[in-house]
Amino acid sequence: MDTSRLKRRGPCAWELPATGRMRVPGVIFASKELVQEMDDKVAEQVANVASLPGIVDASYAMPDAHWGYGFPIGGVAAFDADEGGVVSAGGVGFDISCGVRTLHTGLKEADLRAVQKPLADLLFARIPAGVGSTGALHLSAAEMDAMLRGGARWAVKAGYGSEADLTHIEEHGCVTGADPAAVSDMAKKRQRDEMGTLGSGNHYLEVQVMDEVFDAVAARAYGLAVGDVVVSIHCGSRGLGHQIGTDFLREMVVAASQAGIALPDRELACAPIKSALGQRYLGAMRAGINCALANRQILTHLAREAFAALLPGARLPLLYDVSHNTCKEETHTSADGHKRRLFVHRKGATRAFGPGHAELPPAFGKVGQPVLIGGSMGTASWILAGAAGAEERAFGSACHGAGRAMSRNAALRRWHGRDVVDELAAKGILIRSPSFRGVAEEAPLAYKDVAEVVEAADRAGLARRVARLRPLICIKG
DNA sequence: ATGTGC
């Protein structure tokens, strides 16, 4: 990115001053190196988002930001409904409520090494993964609606997991305001057989070991110590979320022009929050969030069953579940000092509420919410904690992952999936995937260095580094 | 991300 247009606001914050159609400035949170590596398209997209009606304070990009559909991936923007604010399908992303959850296992690395290979094979046998994968559940129309309303709460009632899990999920596992009637029959049809499936791309289920601690107080609050084995699940709302995005994007292109909203890019299609379409999208999008929460809850149950078969007595309580493709109505204090209800779009950005936030479970109240950052396959993942002051910086948001450094096609030209699997196996990391092509696309070096990204998030005051996780087993979609 | 590509 050409940094000559940017004003440095701090060691890891860069302002893109408001010019032309921009209603507010842009702010990119990144080190000098990361901002220089970013595509110019990121600045262009940050500026485009800043031109949308009702945007509050600034259009933000996280340290892992890269070019996306309309909004950058790693983009955060909040809108005030009373000031003509909008909601945008492209500002949430197609994989609605894609996110990460991490489970404790109570095991140490040596316990896991003793069963590593059979556990990898059993998890791969039990966890449906890959394009078009289907699960054991086949929802009736009534069950579908109940799932879309109930989220992980519905899944627990259906026998997947326990009540205790729900207190460790954002919104306690179920967002209110979901409207199954706003979800198309096509979206429901695509999801009917896909509950409890991982999907493809960068989605995974990993068994990991915590290998370094950076904040001992927060690690203790999260119940983590060096050598602990955890399980992390990264996936979203599968075909349902994608179809909701497709359906509403089409409608929003028409609606934006009817509402007289001039779009610098048609991919920014949006609707006023206070419009029938805006409300219908919010209802459908919230149903999509509940679908993703239910999906991760069922996958959790499948992982617990696999562990129980090989490691009787192992318990896998939930540490936390976060989403990184959402629009949520939240109360924030804007730069003018006023408290107000805002519609916060986080696309490829994780919520990162700091210490003392009322919505956090009591155990996390003093240290801030766990911010779960998925690494690329074969590399480290990270656990961060929402920082004090994060809410004033980007409405309580942080990065979500490493971010691609290379296109899928470029990765396919450079690597063979089988070689990637063999090389990682030699390092003690077992990969199981239905697709060698997918493995090649997800080769570790096709991604940016996640350590640089989380360091920038920490230095920017968005989230503090708590612990680093190293993979042992990866079930890849 | 995606019954992977207008």
Side-chain angles (χ1 to χ4, degrees), chain A residues 45 64-75 88-101 128-135 137-139 144 183-205 233-250 253 265-267 269 284-285 287-289 291-293 295-296 299 322-327 345-350 374 376-377 400-404 406-413 417 433-442 446-447 475-477:
Chain A
Q45 292 191 319
D64 51 338
H66 54 286
W67 175 80
Y69 190 94
F71 284 53
I73 296 162
S88 167
V92 170
F94 280 74
D95 190 6
I96 294 168
S97 199
C98 182
V100 181
R101 68 163 52 188
V131 178
S133 49
T134 56
L137 267 168
H138 310 284
L139 300 188
M144 175 66 66
V183 178
S184 68
D185 289 341
M186 176 64 85
K188 292 174 182 171
K189 185 180 163 202
R190 285 180 64 173
Q191 195 58 33
R192 196 171 52 197
D193 304 322
E194 288 192 343
M195 295 309 295
T197 66
L198 214 44
S200 64
N202 70 349
H203 289 168
Y204 59 76
L205 182 147
I233 298 169
H234 176 210
C235 65
S237 51
R238 305 285 286 111
L240 182 120
H242 191 267
Q243 190 63 45
I244 292 171
T246 304
D247 292 340
F248 280 91
L249 199 91
R250 197 177 297 133
V253 172
D265 174 357
R266 98 177 223 126
E267 294 182 358
M285 188 268 310
I289 292 178
C291 175
L293 297 177
N295 193 33
R296 290 197 285 274
L299 286 164
V322 300
S323 298
H324 49 233
N325 280 353
T326 59
C327 174
H345 293 66
R346 295 188 183 88
K347 178 185 183 181
T350 310
S376 50
M377 184 181 60
H400 85 305
R404 290 199 81 89
M406 189 185 290
S407 72
R408 294 187 175 276
N409 274 323
L412 281 174
R413 284 194 296 273
S433 173
S435 164
F436 280 120
R437 179 197 169 108
V439 169
E441 289 179 356
E442 296 295 322
Y447 281 80
I475 310 302
K476 193 80 189 162

Would one find a side-chain N or O of S200(A) under 4.0 angstrom from OP1 or OP2 of dT2(B)? yes
Within less than 4.0 Å of OP1 or OP2 of dT4(B), is there a side-chain N or O belonging to R408(A)? no
Just checking Q191(A): base, sugar-phosphate only, or nothing, at a heavy-atom cut-off of under 4.0 Å? nothing
Nucleotide dT4(B), atom P - distance to CZ of F94(A) in whole Å: 15 Å
Step by step, would you call H400(A) with H234(A) a ring pair (Phe, Tyr, Trp, His ring centres under 6.0 Å)? CA-CA 11 Å; H400(A) 85 305; H234(A) 176 210; 7.5 Å; no
Please answer whether the main-chain N or O of A269(A) pairs with a side-chain N or O of S88(A) as donor and acceptor at a distance below 3.5 Å. yes
Atom OH of Y69(A) to atom P of dT4(B): distance rounded to whole Å? 18 Å
For M186(A) and dT2(B), give me the distance from atom CE to atom C1', rounded to whole Å. 13 Å
Which is true for G236(A) with a 4.0 Å heavy-atom rule: it touches a base, it touches only sugar-phosphate, or it touches nothing? nothing
Take atom NZ of K476(A) and atom C1' of dT4(B), then tell me their distance rounded to the nearest Å. 15 Å
When rounded to whole Å, the CD to P distance for the pair Q243(A) and dT2(B) reads 13 Å
Start at the 5' end of DNA chain B and walk down; is the nucleotide closest to E442(A) or to R437(A) reached first? E442(A)
Sorted by chain and residue number, the ring-ring contact (aromatic ring centres under 6.0 Å, His included) partners of H66(A) (sequence neighbours excluded) come out as none
Nearest whole Å is fine: how far is dT4(B) C1' from H203(A) NE2? 13 Å
With sequence neighbours excluded, residues passing salt bridge (charged side-chain N to carboxylate O under 4.0 Å, His left out) with R404(A): E442(A)
Can you tell me how far P of dC6(B) sits from CZ of R266(A), to the nearest Å? 13 Å
Expressed in angstrom and rounded to an integer, what is the separation of D193(A) atom CG from dT2(B) atom P? 15 Å
